[in-house]
Amino acid sequence: MAEFDVESLFRSFDTDRTNVVWKWKLLAELERAGLRADDPRVEHALPWVLENVGAGADARIAPFERGQPEWLDRDQFQYLLREPVIRKALTDDLAMPTDEFAEFTQGVEEIYADLLDERSGEVADYIPTLATADPEQFGIAVCTADGQVFMIGDAENPFSVQSTSKPFSYAMALEEHGADFVHQYVGQEQSGGPFNDPLRSLDASGRPHNPMINAGAIGTLALVDADLDDSKRFEKLQHTWSTMAGARVRMDEPTFLGEQETGHNNRMFASAMAGRDTLYKRSNRMYGPIEATDFYFRVCSLEVDARRLAAAGATLAGGGVAPYKGQRVFSQENTRRVLKVMEHSGMYNDSGKFSGKVGLPAKSGVSGNVLMVVPSKRLAVVAFSPRLDPVGNSVRGVQVCERLVEKFDLHPLQDLGADKSRAAEAAHRVALGGVATAGAPGERTTTDENFYGSYEGGAAGRHRAAAPATTNVTRAGGPQL
């Protein structure tokens, strides 16, 4: 950032003309942009600068006393801007501009209030921890590719991720093996039946139809780090989840035990796949249907909340880059593949209906969570409400997605309506004295850009060239958070 820009920005915060920026005022501006005070990047950068830069680093100057208002001098403020996400927030250069973020979150608040009285549906009853869940819980979280966060209601109440783990398991397998190899074992077409259908889950060759049904997720996970023992495999998988979520993700033991006690159909799928040689065989040890389903149960039992699951979804919305760490977890190509399968098979046996109304990639879990990815806005939305409809989707969660798409015109095919096209053409004729013109051959129109922008060039959509949340994008790895 140029010297003049730093000075101008500093003066815009120094409204008292005391040559300092009050910490509370800085945090309020970051919050307005969508960066919370407990954002790990803010939590790390701000205290470090106060303690190590400028006057705060001088041992002759006493530190701030408890309860005393804290401030940054000009040198400290300039150094703080070295944290990319803070600089982007203060210059309104985040994934979603501040005013647009405020408008969007206000819409979420209105939808939340409208759905508080919606109490249709029943909680899942076949796993004990799900059967005893409080059905009144309701929370919504939004996270952008830069880690802008909005939460309302029970967005920090923990729940097991369940089937919403499936897109990420699929992405991990794609990263390790590539699409051609993965799809030797798991298909990518709709199954035509429920997620646990004993008759329709496997195709004629014994291969699961897609990674979003139970059999497909078992087959997908069997490919992930298959040459490691299960404890190391799960440790690596937890690390990937923690990188995406921005916080450590653990397994809920009671849910895992409940999955083991009730998961007979899943073992049947794994046995059928093993009998047809479509369950991946490890080269160095025995690995059969029981081991495969137990690993699947562990992954379904990962405990998250709406906020952390939205951050994982924002990893997909950002083309595979984790919002808080800035690490590339998945390639753009693999992210695009995951989003397309989510779009046509992510919402159980209502996927077609959901796609028609919403048109965006989404995945639901029987704990009551629904994750929707909005590539064109580089954000993800998670709604959590345990009451489910007959096919297993959260009643409130589905309505949150439908209402957001309607309110903000988020459907990818929104601009293809004949009425809009005719109205635009008529307006164009008027503007040109009654003569309508077309673009040059091959030239993109505004409608073309709206239509193709959602997916072309990767999940980042129309913002596909935007920088990630941190300066350097690296491959996820290293010790667990």
Side-chain angles (χ1 to χ4, degrees), residues 104-127 129-143 149-167 194-195 212 255 300 303-314 317 342-343 346-374 377 379-408 410-411:
F104 190 83
T105 56
Q106 182 181 349
V108 172
E109 288 182 323
E110 293 169 359
I111 292 169
Y112 173 83
D114 287 345
L115 291 175
L116 281 173
D117 292 332
E118 171 58 75
R119 289 184 170 84
S120 60
E122 302 291 338
V123 299
D125 60 2
Y126 53 90
I127 299 172
T129 53
L130 303 186
T132 58
D134 179 3
E136 297 299 326
Q137 295 178 98
F138 182 30
I140 305 173
V142 177
C143 184
V149 170
F150 173 79
M151 299 184 295
I152 190 169
D154 300 318
E156 293 185 288
N157 285 13
F159 54 84
S160 56
V161 67
Q162 296 296 325
S163 286
T164 311
S165 63
K166 293 171 181 174
F195 62 95
M212 302 298 123
T255 299
C300 288
E303 188 173 77
V304 293
D305 57 30
R307 175 186 182 180
R308 299 306 176 185
L309 185 54
M342 288 173 67
E343 184 185 349
M347 297 297 287
Y348 298 139
N349 210 30
D350 266 356
S351 295
K353 182 171 74 173
F354 185 89
S355 181
K357 282 190 173 183
V358 175
L360 292 170
K363 188 70 192 81
S364 62
V366 292
S367 56
N369 69 83
V370 175
L371 163 67
M372 179 176 72
V373 180
V374 188
K377 298 294 184 182
L379 63 81
V381 179
V382 170
F384 168 58
S385 179
R387 290 192 179 95
L388 310 178
D389 62 23
V391 302
N393 295 321
S394 168
V395 175
R396 283 171 168 161
V398 169
Q399 291 192 41
V400 167
C401 297
E402 291 176 352
R403 294 189 185 203
L404 278 173
V405 165
E406 181 179 2
K407 187 176 187 68
F408 292 102
L410 298 176
H411 197 293

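Quantities reported herein were computed from a predicted structural model and do not represent experimental measurements. Below, each value reflects all heavy atoms present in this structure, side chains not excepted, and no hydrogens, waters or symmetry copies.
- Considering CZ of Phe159 and CG of Asp154, their distance stands at 11.0 Å, rounded to 0.5 Å.
- Not counting sequence neighbours, Phe150 has no partner by the ring-ring contact (aromatic ring centres under 6.0 Å, His included) test.
- Taking Asp305 as the reference, nothing meets the salt bridge (charged side-chain N to carboxylate O under 4.0 Å, His left out) condition, with sequence neighbours excluded.
- Ser394 meets the side-chain hydrogen bond (donor to acceptor under 3.5 Å, both in side chains) test with no other residue; sequence neighbours excluded.
- The two residues Ser163 and Pro167 have their closest heavy-atom pair at O-CD, 3.9 Å.
- For the atom pair CD of Glu402 and CD1 of Ile111, the computed distance is 10.5 Å after rounding to the nearest 0.5 Å.
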For Val304 and Asn369: C-alpha separation, side-chain torsions, deciding distance, then whether side-chain contact (heavy atoms from CB on, under 4.5 Å) applies. CA-CA 10 Å; Val304 293; Asn369 69 83; over 6 Å; no
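- With values rounded to the nearest 0.5 angstrom, Glu109 atom CD is found 12.0 Å from Phe104 atom CZ.
- Looking only at side-chain heavy atoms (C-beta outward), Val374 and Phe408 stay at 4.5 Å or farther from each other.
- Taking NZ from Lys363 and CD from Gln162, the interatomic distance works out to 10.0 Å, rounded to the nearest 0.5 Å.
- Here CE of Met342 is found 12.0 Å from NZ of Lys166. Values are rounded to the nearest 0.5 Å.
- Ring planes of Phe138 and Tyr112: parallel class, angle under 30° (limits at 30 and 60°).
- Residues passing the ring-ring contact (aromatic ring centres under 6.0 Å, His included) test with Phe354: none are found, sequence neighbours excluded.
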Side-chain polar contacts of residues 114-121 - donor-acceptor pairs under 3.5 angstrom, sequence neighbours left out - could you list them?
residue, atom, partner, partner atom, Å
Glu118, OE1, Gln399, NE2, 3.1
Glu118, OE2, Ser120, N, 2.8
Glu118, OE2, Ser120, OG, 2.4
Arg119, NE, Glu136, OE1, 3.0
Arg119, NE, Glu136, OE2, 3.4
Arg119, NH2, Glu136, OE1, 3.3

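- Side-chain N or O atoms of Asn349 include none that pairs as donor or acceptor with a backbone N or O of Val391 at under 3.5 Å.
- Between Ser385 and Arg396, the shortest heavy-atom contact is OG-CD, 3.0 Å.
- For Ser165, there are no side-chain hydrogen bond (donor to acceptor under 3.5 Å, both in side chains) partners at least two apart in sequence or on another chain.
- Note that CG of Leu130 is 5.0 Å distant from OG of Ser160, once rounded to the nearest 0.5 Å.
- Residues that satisfy the side-chain contact (heavy atoms from CB on, under 4.5 Å) test with Ala380, not counting sequence neighbours, are Leu371.
- Across every non-hydrogen atom of Tyr348 and Gly392, the tightest pair is CE1-O, 3.3 Å.
- Nearest heavy-atom pair, Val395 versus Leu388, reported as atom, atom and distance to 0.1 Å: CG2-C, 3.7 Å.
- Every residue two or more places apart in sequence or in another chain that forms a side-chain contact (heavy atoms from CB on, under 4.5 Å) with Val405 is listed here: Val358, Leu360, Met372, Leu410, His411.
- When the side-chain contact (heavy atoms from CB on, under 4.5 Å) test is applied to Pro158, the partners found at least two apart in sequence or on another chain are Glu303.
- In terms of the side-chain contact (heavy atoms from CB on, under 4.5 Å) criterion, Glu122 has no residue partners (sequence neighbours excluded).
- For the pair Gly397 and Ala383, the tightest heavy-atom approach, listed with the atom from each and the gap, is CA-CB, 3.7 Å.
- For the side-chain hydrogen bond (donor to acceptor under 3.5 Å, both in side chains) test, no residue two or more places apart in sequence or in another chain qualifies with Thr105.
- In this structure, the side chains of Val370 and Val400 stay at 4.5 Å or more apart for every pair of heavy atoms.
- In terms of modelled atom types and a separation under 3.5 Å, the side chain of Arg307 and the main chain of Glu156 share no donor-acceptor contact.
- Scanning for side-chain hydrogen bond (donor to acceptor under 3.5 Å, both in side chains) contacts around Arg308 gives an empty result, with sequence neighbours left out.
- Between Val149 and Cys143, the shortest heavy-atom contact is CG2-SG, 4.1 Å.
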